[in-house]
Each structure stands twice: as structure tokens, then as C-alpha cells.
Amino acid sequence: MIQVAIVGTGGMGTVHYSNYQHIKGAQVAALVGITPQSKDCSEKWGVPLFEDIPSMAKVVEVDVVDVCSPTFLHKEHVLQGLAAGKHVITEKPVALRKKDAEEMFALADQVGRQLYVAQVLQFTKEIEILHGLVKSGEYGSPLDAHFERLSACPRWVQNGWLFDKDKSGLLPFDLHIHDLDVIISLFGKPERFSYTSCGGAQKSYQEHYRFLYAYPGMNVAAEAAWFNADFPFTARWRVYFENAVVANEGGRMTAYQFDHEPRVFDTEDEVKIPTGINLPPTGMFYRELTHFMDCVKRGAPSERVPRQQVLTVVELLEEMTK
């Protein structure tokens with residue numbers, strides 16, 4: 001049985017806890033947090049609560065520290081987990097600076113443990129299928145792609161840390177990181193990139209970005225926004241291959257060709273787990289954490305979210321937010 005300690009009991013900590021309840025061979029053995037919510041979760045879930053990772057590690061034997069704390073605490077918590085001799089899972093982004101991410105991976109190497117970064121889109125059926133189409137060349141080479149991730153400005157965040165560049169990296173690190181991770185995993189590091197952004201005069205951050213990534217023979221565009229409006233969350237993408245357009249929108253992934261009926265892919269999750277937050281039941285977190293648990297059993301790095309991919313994403317985002 002793999003024993004897990006969850007650090008942070010906010011939205012993502014709750015999501016991870018809910019999913020571990022359905023993963024055979026994994027058990028949440030401890031929580032780490034200092035908020036009233038952490039105390040409530042400890043009592044509700046019947047899991048002991050500790051104020052910090054070092055004190056937890058002295059009392060409870062765990063194999064994995066799962067970091068779900070706010071972004072600006074990721075480095076501290078990851079380093080503490082590794083220093084305690086544990087494998088570590090951390091929510092995205094791993095860090096806001098490439099040198100910090102490299103330091104975290106270096107310590108993992110030094111202590112002989114693994115560091116896994118939770119880029120959850122890699123565990124959706126849609127992205128798995130898209131990887132297969134790009135790799136197989138079934139529709140020819142990709143010529144162009146477009147990714148969109150738009151939402152109303154998040155008003156759920158506590159203490160305003162999400163709108164502090166030094167603590168969150170703002171919209172690029174919080175929102176666009178999902179699509180950029182997919183882009184890098186599909187097409188590699190771009191030859192160059194550019195972007196435009198805008199924001200209201202009363203805002204201290206940019207609210208909307210358009211990105212352009214240049215590859216040999218192909219361009220990839222992306223859009224991300226925290227609109228100052230009650231705009232419904234929208235996440236969709238489209239890839240134009242030589243012989244088809246493959247689009248994912250509204251929960252439906254379809255390939256369009258001449259002289260063929262549209263091909264609708266089966267993207268239904270076999271297992272759907274309630275998240276405990278304002279997300280519908282989904283299988284992506286279950287598949288993500290199940291994958292990481294399998295990696296822990298094998299003592300192996302993740303082939304789904306490899307180190308170089310993580311570092312490349314952080315490097316590009318850091319350049320955008322200088």
C-alpha cells in the first residue's frame with residue numbers, strides 16, 4: 001500500500017483526496033496544512049493533520065508527498081518532501097523560474113527519489129488520441145493548430161495571491177500552462193514565439209493573451225483570458241492536418257475530411273470521480289494519480305510528463321512574464 005501525505009487542502013487537495021479513495025493500493029495517511037479548512041478536512045476525512053512536512057515525516061511513514069498548496073509554496077514544499085526521502089507529486093506549475101525547477105529535480109536525483117508534475121491534460125482521452133494521430137501520421141503532418149482557454153476572472157481565490165505575479169505567475173502560469181504543456185508535448189520546443197496582451201487600466205495584470213509559436217512548416221496559436229465579465233469557461237482546440245481537421249469542442253472530438261462522414265472519437269472516461277469542487281465528475285485526475293502511483297511502484301520517472309517537457313514549459317512562461 002502506497003501511503004500518501006497531501007499538502008494543502010484547498011480545491012486541488014480536495015480533488016486529489018477524492019480520487020485517492022478510488023485508487024487501489026494507495027491511501028491518504030496524513031494531511032499538512034495550517035488553515036481552519038485543513039482542520040475541518042482532517043476531522044471530516046479522519047486523517048491526521050500536521051503543520052509542516054518535517055514534523056509529519058517524523059510521525060507518519062509515507063511514501064509520497066503530494067503538494068497541492070498555492071503556487072508560491074511549491075518549491076519549499078517539494079524540497080521538504082524530497083529532503084525527507086519521499087517521492088513528490090506537485091501540482092502545476094512546478095515553479096515560476098526554470099532555475100528553481102532544476103534545483104527541485106536535482107535534489108530528487110541526489111536523494112534517489114522521483115518528482116512528478118501534475119499536468120492533468122496529458123491524462124485526458126482527447127489529448128491521448130491527439131498524440132496518437134500526430135505520431136501515426138494517419139491524417140498526414142500537422143500544418144496548424146489553435147488552442148483556447150478562456151474564463152471569467154477567478155474570484156474564488158483566498159488572500160488575492162493569484163493576482164500577485166511573484167506568487168502565481170499570473171495568467172500564463174495559471175491558465176495558459178495547460179495548453180502550452182500540450183503544445184510542447186506534441187510538437188517540441190518552438191523555434192520562436194511571440195504574444196500580445198491587454199488589460200484594463202484598473203487592473204495590475206494582463207487579462208487576455210494571444211500567443212503564436214513558430215515551428216518548421218507549422219504555426220500554433222493559443223488564446224487565454226481571465227475576462228472581467230461573467231464569461232463561461234471555454235476550453236477547446238483545433239489541429240489542421242494535411243488530410244483532416246480535428247477539433248475538440250463542447251466535449252466532442254471530431255475529425256473532418258472530404259468524402260468521409262465526420263469521425264467522432266470515443267473520449268468517454270471509463271471511471272468518473274466526483275471532484276468535490278466546482279468541476280463535474282471526471283476521470284482525468286484518477287488516471288493521472290493512478291499513473292503516478294504506478295511510477296512510484298516502479299521507482300521510475302513519468303514518461304507522460306517528462307522532466308525536459310516540464311522545464312521547457314517553465315522556461316517559455318518565465319520569458320513571457322519577465
Counting distance only, does the side-chain N/O of [X] pair as donor-acceptor with the main-chain N or O of [Y] below 3.5 Å?
X      : Y      : answer
Lys92  : His178 : no
His260 : Phe258 : yes
Asn19  : Val15  : yes
Asp63  : Gln3   : yes
Glu148 : Thr234 : no
Arg287 : Phe123 : yes

Worked verdict on Leu311 versus Phe105 for side-chain contact (heavy atoms from CB on, under 4.5 Å): CA-CA 10 Å; Leu311 294 176; Phe105 279 111; 4.2 Å; yes

Does the side chain of Thr90 pick up a donor-acceptor pair with the side chain of His77 at under 3.5 Å?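 No donor-acceptor contact under 3.5 Å links the two side chains.
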
Could you check if a side-chain atom of Gln122 sits within less than 4.5 angstrom of a side-chain atom of Ser185, using non-hydrogen atoms only?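 Answer yes - side chains close enough.
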
Any salt bridge linking Asp294 with Arg304? Criterion: basic side-chain nitrogen under 4.0 Å from a carboxylate oxygen.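 The answer is no: the pair does not qualify as a salt bridge.
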
Under a 4.0 Å N-O cut-off, is there an ion pair linking Glu223 with Arg236?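 A salt bridge is absent here (no side-chain N lies under 4.0 Å from a carboxylate O).
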
Tyr195 vs Tyr209 aromatic rings, parallel, tilted or perpendicular, using cut-offs 30° and 60°?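 Judged by the thresholds at 30° and 60°, the geometry between Tyr195 and Tyr209 is tilted.
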
Given the side-chain rings of His176 and Phe211, with only the six-membered ring counted for Trp, is the space between their centroids under 6.0 Å?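 Yes.
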
